[in-house]
Amino acid sequence: MLSLNRTGVSHTVFYLLGIPGLEDQHLWISIPFFISYATALLGNSLLIFIILTRRSLREPMFLFLCMLAGADLVLSTCTVPQALAIFWFRAGEISLDRCITQFFIIHCIFISESGILLVMAFDRYVAICHPLRYTTVLTHTLIGKIGVTIVLRSYCALFPIVFLLKRLTFCQSNVLPHTGCEHIGLAKYACNDIRVNIWYGLFVIVSTVVLDVLLIFVSYMLILRAVFHMPSQDARHKALNTCGSHVCIIILFYGPAIFTTLTQRFGRHIPAHIHILLANVCVLAPPMLNPIIYGIKTKAIREQVALIFSPKQK
């Protein structure tokens, strides 16, 4: 190890172990991974197809949902096939550049999804608090600009991390006990000082995801205040019902992420395979369950799905 430090040798190839300690169970673990991926592909593709081909679903709420479904497709495709290759074929070899690219895409999509959830909260705020201005405020032009802004925010926030990782000399172990690449998970194998990586990574999380959570909370406080000032109980129930799907998605997206972060920070005695399984839940559960939740709780989508699978009812 010391000789590596002196010569400045840096690993350019790494090996992903999958879930260390559960290597004998990889085949069984791959089953829920495969089912979740197949469900995510089918559900989100169907959701995107329905929204883009049905004029009745061109409302802002459904266009934002289409963005979320597209992000879910990319997120699951960047993570699950890699994990399945490790589970089935032990194909865990990955180059440094590919590892950084995978990390960049995954985290970029994660931050983008957080931004989409924020604008979906804004959509519900306008629909409930300013219903007469809904169509004039959330125009298709504005929705397009919002989509571009969400992508640019994620890209600009994460792009410096690429350079922070490329500057490091990876002269320690090149074996990564995980199913995918992470920023600090990779940086900790460097021989350099990684405090800049740690502080910038924290800054990115606080300035994007944490800020999004706070703004979503404020949006729903304003929504609840408006709802409880409605004179009719039926109107209150209808208004809250339109937010039901979005609230479920918020809990599903942020819940596992917060729990995983807390266990990594304070659960030092928790086995490593538990940490890795929890990290995978963050990228497995939302893409699989989001289209199911919206399909069940949104009448317009249920009707369109029924028309596709029962064309005689048209």
Side-chain angles (χ1 to χ4, degrees), residues 16 18-19 26-54 57 61-89 91 101-117 119-120 147 150-151 154 178-182 209 244-260 276-298 300-302 304-306 308-309:
L16 296 166
I19 303 177
H26 273 179
L27 186 60
W28 294 106
I29 295 172
S30 70
I31 295 175
F33 272 69
F34 178 77
I35 292 174
S36 67
Y37 183 51
T39 304
L41 283 181
L42 177 62
N44 288 291
S45 298
L46 181 61
L47 200 57
I48 293 172
F49 173 77
I50 289 174
I51 293 172
L52 294 182
T53 58
R54 300 297 191 271
L57 300 182
M61 179 183 74
F62 296 113
L63 294 177
F64 290 133
L65 178 57
C66 186
M67 292 182 192
L68 185 67
D72 281 338
L73 279 177
V74 177
L75 181 63
S76 56
T77 301
C78 286
T79 54
V80 182
Q82 171 79 57
L84 292 177
I86 297 171
F87 296 153
W88 291 344
F89 311 112
T101 300
Q102 184 190 47
F103 144 78
F104 181 83
I105 295 174
I106 292 172
H107 286 71
C108 206
I109 293 300
F110 187 86
I111 293 175
S112 295
E113 288 207 20
S114 180
I116 293 170
L117 291 177
V119 297
M120 291 175 80
I150 289 172
V151 173
S154 304
H178 213 296
T179 57
C181 295
E182 294 181 331
V209 178
S245 301
H246 185 238
V247 172
C248 290
I249 299 299
I250 289 172
I251 296 172
L252 181 63
F253 180 79
Y254 291 112
I258 293 172
F259 185 71
T260 300
I276 296 170
L277 286 172
L278 287 174
N280 278 285
V281 167
C282 293
V283 296
L284 284 173
M288 176 181 67
L289 297 177
N290 285 352
I292 296 175
I293 291 172
Y294 266 96
I296 292 174
K297 296 184 70 66
T298 308
I301 293 178
R302 288 202 310 269
Q304 294 301 326
V305 171
I308 290 177
F309 291 101

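Sequence positions, counted from 1, serve as the residue numbers for this chain.
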Is any side-chain heavy atom of [X] closer than 4.5 Å to a side-chain heavy atom of [Y]?
{"X": "Cys248", "Y": "Leu252", "result": "no"}
{"X": "Thr39", "Y": "Ile292", "result": "yes"}
{"X": "Leu68", "Y": "Ile249", "result": "yes"}
{"X": "Phe62", "Y": "Ile301", "result": "yes"}
{"X": "Leu27", "Y": "Trp88", "result": "yes"}
{"X": "Leu73", "Y": "Ile48", "result": "yes"}
{"X": "Leu46", "Y": "Phe309", "result": "yes"}
{"X": "Val281", "Y": "Thr260", "result": "no"}

Would you check if the side chain of [X] reaches a backbone N or O of [Y] as a donor-acceptor pair within less than 3.5 Å?
{"X": "Thr79", "Y": "Ser76", "answer": "yes"}
{"X": "His246", "Y": "Leu117", "answer": "yes"}
{"X": "Gln82", "Y": "Thr179", "answer": "no"}
{"X": "Ser36", "Y": "Phe33", "answer": "yes"}
{"X": "Ser154", "Y": "Ile150", "answer": "yes"}
{"X": "His26", "Y": "Ile19", "answer": "yes"}

**Qualifying residue for side chain to side chain contact (heavy atoms under 4.5 Å, CB included) with Asp72, from Val283, Leu41, Asn44, Leu289** =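 With Asp72 as partner, side chain to side chain contact (heavy atoms under 4.5 Å, CB included) holds for just one option, Asn44.
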**Message:** I need the single residue from Thr53, Leu57, Thr298 that forms a side chain to side chain contact (heavy atoms under 4.5 Å, CB included) with Gln304. Which is it?
**Reply:** Leu57
**Enclosure of Tyr254 OH (heavy-atom neighbours >12, cutoff 6.0 Å)** = yes
Might you point out which heavy atoms bring [X] and [Y] nearest each other, and give the distance in Å?
{"X": "Arg54", "Y": "Phe49", "value": "NH1-CE2, 4.5 Å"}
{"X": "Phe110", "Y": "Ala257", "value": "CZ-CB, 3.9 Å"}
{"X": "Gly18", "Y": "Phe87", "value": "CA-CE2, 4.4 Å"}
{"X": "Phe253", "Y": "Pro286", "value": "CA-CG, 4.3 Å"}
{"X": "Ser245", "Y": "Lys297", "value": "OG-CB, 3.0 Å"}
{"X": "Tyr294", "Y": "Met120", "value": "OH-CE, 3.0 Å"}

Distance in Å, [X] [atom1] paired with [Y] [atom2], rounded so as to fall on 0.5 Å steps:
{"X": "Tyr37", "Y": "Leu42", "atom1": "OH", "atom2": "CG", "result": "12.5 Å"}
{"X": "Met67", "Y": "Ile51", "atom1": "CE", "atom2": "CD1", "result": "10.5 Å"}
{"X": "His178", "Y": "Ile86", "atom1": "NE2", "atom2": "CD1", "result": "10.0 Å"}
{"X": "Leu75", "Y": "Ser112", "atom1": "CG", "atom2": "OG", "result": "10.0 Å"}

